[in-house]
Novice: 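Pasting a structure below so you can have a look.
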Amino acid sequence: MRGRHYLALLLLVVLALLPATAGGAPGRVPQNVLVIGRIIGDVVSLDPAEAFELTSTWIDEHLYETLVEFSRDFTRAVPGLATSWTVSADGKAYTFTLRSGVKFHSGNAVDAKAVEFSLRRAMRLKLQPAFILTGFIKNPEDVVAISANQVRITFNQVMPEILMTCVLSNPVASAVDPALVQKNATASDPLANKWVAENDAGSGPYVLRRWTRNAVIELVAFDDYWGGRPRMGRIFVQDIPEPTAQLLALQRGDVDMVTDLLPAQFVQAAKEAGLVVKTSPQFALRYLAMNVGYEPFSRVQVRNAVKWAIDYTAFRRIFEDQIDIGQTIVPARMFGHLPDRPYSKNLDRARALMREAGFERGFKAELLTVPDPPLPDIAAKIKEDLAQIGIEVEVKVLRSADILAAYRARTHQMVIARWGADYPDPDNLATALADFDARVLAYRNQWDHPIKRTVQQAVQELDRAKRDAMYRQIQKVVLDEGPYVIIGYPLRLLAMRANVKGLDPSPLSVTYGMWGVVKE
Amino acid sequence: MSSDVAIARILAQERARRQQLVRRTLRNPLSLAGLIIIGLLLVIAVIAPVVAPSNPLQTNIARRLEAPSGDYPFGTDQLGRDVFSRILYGARISLRIAILTGMIATVIGAPLGIVSGYFRGRVDDLLMRLTDMFMAFPRLILAMAIAAALRPTLENVIIAISLAAWPAYARLARSVTLALREENFVEAARALGASSLRVLGRHIFPGVISPVVIQVSLDMGGIILTAAGLGFIGFGAQPPTPEWGVMIAEGRNYITSQWWLSTFPGIAIALVVLGFNLLGDGIRDVLDPRLRGGR
Amino acid sequence: MWAYLVRRLLLALVAISGVLVIVFFLSHIIPGDPIAAILGPQAPDYVIEDLRHRWGLDRPIPEQFVRFVGRLVRGDLGTSIATKRPVISDLRQFFPATIELATTAIILGALAGLAVGIISAVAHGSWLDHTVRFLSLIGLSMPVFWLGFILLLVFYYRLGVLPGPGQLDIFIARPPSVTGMILLDSLLARDFVALRNALGHLVLPALVLGSHALVGIARITRASMLEVLGQDYIKVARAKGLAERTVILRHALKNALLPIITVIGIYYGGLLEGAVLTETVFAWPGLGRYATSAILSQDFAAIMGVTILIALIFSLANLVVDLAYGFLNPKIRYE
């Protein structure tokens, strides 16, 4: 008798499970909803004064707005919250006139006071991205609302329009709703950083509806957006930490788009009916650095022997063609790019250079890389290539915490790393890779070359042709003597269902807003 | 003198017991299967350089990601390396991890356990608190923390797992020592004035070592899985080492398109671990008299 | 009994403190730089230095330890560098998800383990015994992360009968959080749509996680049953002509249950280990993933917080098992 009861209970449990399986079967995502599968574990804070990670700045671009934005070709500023602006005679002060009728999601007006408040707030909070503002604006008081719809910003140096745009189009310069900040301020947190970190105080095309850490971010279209309500009524960003699981979800139709597939998976997705892979250039570099402070690499011949020993054609295959080829430090499509590609695998030359440097018997070197595919494969290939000229490479795949510590402490010997342009100008790359005094990559690899003077002058050169020539010269010197092997310029890939249209990623960092997206 | 006779008798008994254990184990078809699998693993590990069709590290970009075929029975990986050869060489690595980890854990655990059980008192208290500490924490997570701290290399994986695993063996050695300590022949040896060192070395150690070694071999499957798990999260062996766990981790990126990359190392691990588990299950049956009972 | 309990608690406390000291120094002596890791390779040095200073990471390690202990005795676990939230609220969010997963896994593992163990014991030595044990050993031998992917591939991708990664379909609103566990919360809210969906999401990860406990439980069930089945009173029961099923389930199993419960308890604590790998594969927002990412980014406060919590659960699980043993078996006396 009792047994029957147990059986009934078991049956009940099974029955409870069965509809669940049916309910979990793939329903296609509704037409006005966009679901994006992505790794969102990097989101720490959505406060634009604090957001510094790829996902959080990307989300903030939907929630918040800045005074100006870049034109598509990155040569000038286009209106954002400001419709027009004027520059003072000394080139330091900009006066912006605000777009009228723009509202925060709360319904409050985005006026000059709000902009003044937001920029001052970001500077006073002094969180990670604040340096972007404080590097160019001395005091918070240098941002002033001079009328209801006019803001004047006085910079600490002459600001060409492109540089002004670099600073003011960054999410850190977003307009944040002052009324909401005041309402949620506490004694220990007068600027409500904790509240803004998890809530929405913006005026952008989308409103944050919820954010559950390591699970989902939900955005809803803002009905009163001045640019018109975006087509996608809701956007879900679902955390899918495994690239393989992202691919499965996309194939099942449970998500419309995924961002973090591995190279081979993008290739697979591209072959499938119903899926599309969108490839776009990025202003970024993938490179192998040799620390000049490590004895053998202090010889330019050894550095160049490495450049001649490497099989560059393999890189492209290993990256599944998802990288633009190039050997100079300014990425293709950027102003000043030098398209020279002198190096190819030539063991005789490489060995001759090793002999010339007195290292014909080779040496040992440690190569650091993070575990992100396909970098360990790139490292394995480099190990094999360099073994042919007697350099015995030991590959170490480490956490980025370990690698960055070693890189910053300059204790590495070789490292595979990436640099993404902070702003669309060759100055950013030249400064990082060739100016020792800037204390970035040239400094970390202990390569102190007089070319740094040219780098320092080029940024102030106003004549475009002269400037172009200077950057070409810098690239030539780095190519001939520098401590870097440029692996290539990685492309950005997004895989999506074929019915998703209207996405237009920019080559800069993460900017690809979803407000233009439609589904057919 | 008499104690030596007693020892000889004990050792003879021990040998007989062991033979019986072997016989009983072999009679069980499952554990026999396990033994065969492990034997195969050993053979493959030894003759890998002879039978492997190619160098496991040799890349061939022109022939990457090829499906299994006559040229490449298990296909090629993302760098055009022969998966079959890598699996064969991987046997050496898995075996090395399992054996070295077992040895290190034994070398740390057994003496500490013996000392603890033999001298008791303060030493015992201290050592047991130490094992408590290590056992208050899941093994994989502890090994993860240690491997991260030491930086991931094959050697450090071995050290990390050993450090996480020894307390269990120390406990076992201690309890066996506690029992042996009360045996007549040990008491006799002590009464005859044998030094502690001699008693420990000649009388206790031989009795402790075989249960510990048996326990370690029972755990080998778990050790291999832990190492693979460490490889999966990125705290394991370094590329281009053909370690099976790392191969799965690399291959999982291709699981929907190039299934052979992670399937073969997955099967290899499952098979070897199954071998150890089958054998372990058999030995457990024989050792635990309750398991032999029946109607 | 009380003296025993107090002694055990003290010992656990000593052990946990030891673990804390070890983990603290282990995580601090290594050369990694959590701030640089979070800010990435492009942040200027002065920003990194400034932040290191703000987090107190520029101080000597012993001083950092003293500060850590000082905060700890006030019940403050500190703030995570990676999430910028108090570690305690991170734990409060991620822990329930793991408990939910581990509990379901242990229920599945225990039910299946009991069944396998009983079948093996009753059919002792037969082909059925061997087959069932062989199959469960195969389950034990597969790497969990590999098994997870294969199950996802088959049941989610190819067959489409089970939902994919995550705790809940995104279109299904999460019930208001009371316990933090979706199953309980949706029951409390009488939200059966969410309940069903959450159950569906739970099936695969719980199966994968439970498969390891299954074999251990099956093994001990078999052993324990064999022992009991050999006892006289079973023979008596059989002689009385009771149905075989009644004999096995009501007489034998009842008496064999004691060691089985012990093992279930031990495995329950041990599931935290499997959770590390399972949660990654199934995008489960739990403690295992939190621990992994904390170690990866060298997030000191988070590492310590997770350590404390896991060590506490582990020690408590062991204690509860021992106490349960005492209640179930009055012959055992605690000294």
Side-chain angles (χ1 to χ4, degrees), chain B residues 28-30 33-34 128-142 144-146 148-151 221 224-226 228-229 232-235 244-245 248-249 252 255-256 259 262-263 265-266 269-278 281 284-285 288-295, chain C residues 11-12 14-19 21-23 26-27 29-32 124-125 130 133-134 137-138 140-147 149-150 153 157 215 219 222-224 226-227 229-230 234-235 269-270 272-274 276-277 280 288 291-292 295-296 298 303 306-307 310-312 314-315 318:
Chain B
N28 180 338
L30 289 186
M128 284 306 105
R129 291 303 78 76
L130 197 65
T131 57
D132 277 349
M133 236 176 251
F134 277 88
M135 293 177 88
F137 219 65
R139 206 163 77 173
L140 178 71
I141 299 180
L142 191 60
M144 254 166 81
I146 300 174
L150 295 177
R151 293 196 152 190
I224 292 176
L225 280 181
T226 306
F232 176 75
I233 345 176
F235 293 119
W244 292 340
I248 295 185
R252 78 183 193 273
I255 207 160
T256 53
W259 56 271
S262 59
T263 304
I269 292 188
L271 204 64
V272 168
V273 176
L274 180 66
F276 280 111
N277 284 339
L278 284 173
D281 225 40
R284 235 181 289 254
D285 274 7
D288 190 341
R290 283 185 308 169
L291 295 167
R292 262 179 283 136
R295 299 178 190 178
Chain C
L11 284 182
V14 172
I16 292 171
S17 320
V19 170
V21 176
I22 295 174
V23 173
L26 206 61
S27 57
I29 50 171
I30 44 176
H124 167 66
H130 288 311
R133 286 172 70 197
F134 184 66
L137 279 178
I138 288 184
L140 180 72
S141 305
M142 285 193 274
V144 281
F145 45 94
W146 190 66
L147 183 63
F149 273 120
I150 287 180
L153 209 59
Y157 176 57
V215 179
R219 190 181 275 152
R222 178 175 181 273
S224 193
L226 280 179
E227 191 182 8
L229 286 174
I234 296 293
K235 291 175 187 150
L272 285 170
E273 181 163 319
V276 170
L277 299 168
T280 307
T292 315
I295 294 179
L296 277 174
Q298 222 181 334
I303 292 176
V306 171
T307 305
I310 290 180
L312 265 177
F314 228 58
S315 308
N318 284 334

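Per chain, numbering begins at 1; letters A, B, ... match sequence-line order.
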Novice: If you count heavy-atom pairs within less than 4.5 Å of chain C, which of B:G275, B:G221, B:S262, B:A249 leads?
Specialist: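 The residue among B:G275, B:G221, B:S262, B:A249 with the greatest pair count is B:S262.
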Novice: In terms of heavy-atom proximity below 4.5 Å to chain C, should B:L274 be classed as side chain, backbone, both, or neither?
Specialist: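 Both backbone and side chain.
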Novice: Between C:V19 and B:L142, is there a side-chain heavy-atom distance shorter than 4.5 Å?
Specialist: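 The answer is no; the side chains never approach within 4.5 Å.
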Novice: Can you check whether B:P265's main-chain N or O pairs, donor with acceptor, with C:W146's side chain at less than 3.5 Å?
Specialist: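 It does not hold such a pair.
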Novice: Where does C:V276 contact chain B at under 4.5 Å (heavy atoms): side chain, backbone, both or neither?
Specialist: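 The answer is the side chain of C:V276.
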Novice: For B:V273 and C:L140: C-alpha separation, side-chain torsions, deciding distance, then whether side chain to side chain contact (heavy atoms under 4.5 Å, CB included) applies.
Specialist: CA-CA 8 Å; B:V273 176; C:L140 180 72; over 6 Å; no
Novice: Angle between ring planes, C:F145 versus B:F232, binned at 30° and 60°: parallel, tilted or perpendicular?
Specialist: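 Plane angle under 30°, so parallel.
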Novice: Quick one: of B:T226, B:T263, B:T131, B:L271, who has the most non-hydrogen atom pairs under 4.5 Å with chain C?
Specialist: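 Most heavy-atom pairs within the cutoff with chain C belong to B:T263.
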Novice: Using heavy-atom distances under 4.5 Å, tell me whether B:F276 contacts chain C through its side chain, its backbone, both, or neither.
Specialist: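 No part of it gets close to chain C.
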Novice: Can you say whether C:S315 sits under 4.5 Å from chain B via the side chain, the backbone, both, or neither, judging by heavy atoms?
Specialist: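 For C:S315, the side chain is the part near chain B, not the backbone.
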Novice: Please flag which part of C:T307 lies under 4.5 Å from any non-hydrogen atom of chain B: side chain, backbone, both or neither.
Specialist: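 Both backbone and side chain.
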Novice: Let me know if B:L30 has heavy atoms under 4.5 Å from chain C in its side chain, its backbone, both or neither.
Specialist: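 Contact with chain C: side chain only.
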Novice: Determine the option with the most heavy-atom pairs under 4.5 angstrom with chain B, choosing from C:I150, C:V144, C:I16, C:L11.
Specialist: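 Greatest number of close heavy-atom pairs with chain B: C:L11.
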Novice: Going through the checks in order, is the side chain to side chain contact (heavy atoms under 4.5 Å, CB included) test met by C:V14 and B:D132?
Specialist: CA-CA 9 Å; C:V14 172; B:D132 277 349; over 6 Å; no
Novice: Looking at every heavy atom in both B:M133 and C:I22, which two are closest together, and how far apart are they?
Specialist: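 For B:M133 and C:I22, the tightest heavy-atom pair comes out as SD-CD1, 3.9 Å.
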Novice: Is C:L153 close to chain B through its backbone or its side chain, or both, or neither, when contacts mean heavy atoms under 4.5 Å?
Specialist: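 Side chain of C:L153 only, per the 4.5 Å heavy-atom cut-off to chain B.
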Novice: Checking heavy atoms, do the side chain of B:I248, its backbone, both or neither come under 4.5 Å from chain C?
Specialist: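 Only the side chain of B:I248 comes within 4.5 Å of chain C.
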Novice: Look at C:L296, C:V23, C:I295, C:L312 and state which one has the largest set of heavy-atom pairs under 4.5 Å with chain B.
Specialist: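 Among C:L296, C:V23, C:I295, C:L312, the one with the most close pairs to chain B is C:I295.
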Novice: What residue in C:V21, C:L137, C:L147 has the most heavy-atom pairs under 4.5 Å with chain B?
Specialist: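 Most heavy-atom pairs within the cutoff with chain B belong to C:L137.
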Novice: Give the minimum heavy-atom separation between B:N277 and C:S141, together with the two atoms involved.
Specialist: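 Smallest heavy-atom distance, with atoms named: ND2-OG, 3.1 Å.
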Novice: Can you give me the closest heavy-atom contact between B:I269 and C:P143, atom names plus distance?
Specialist: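 So the minimum-distance heavy-atom pair works out to CG2-CG, 3.7 Å.
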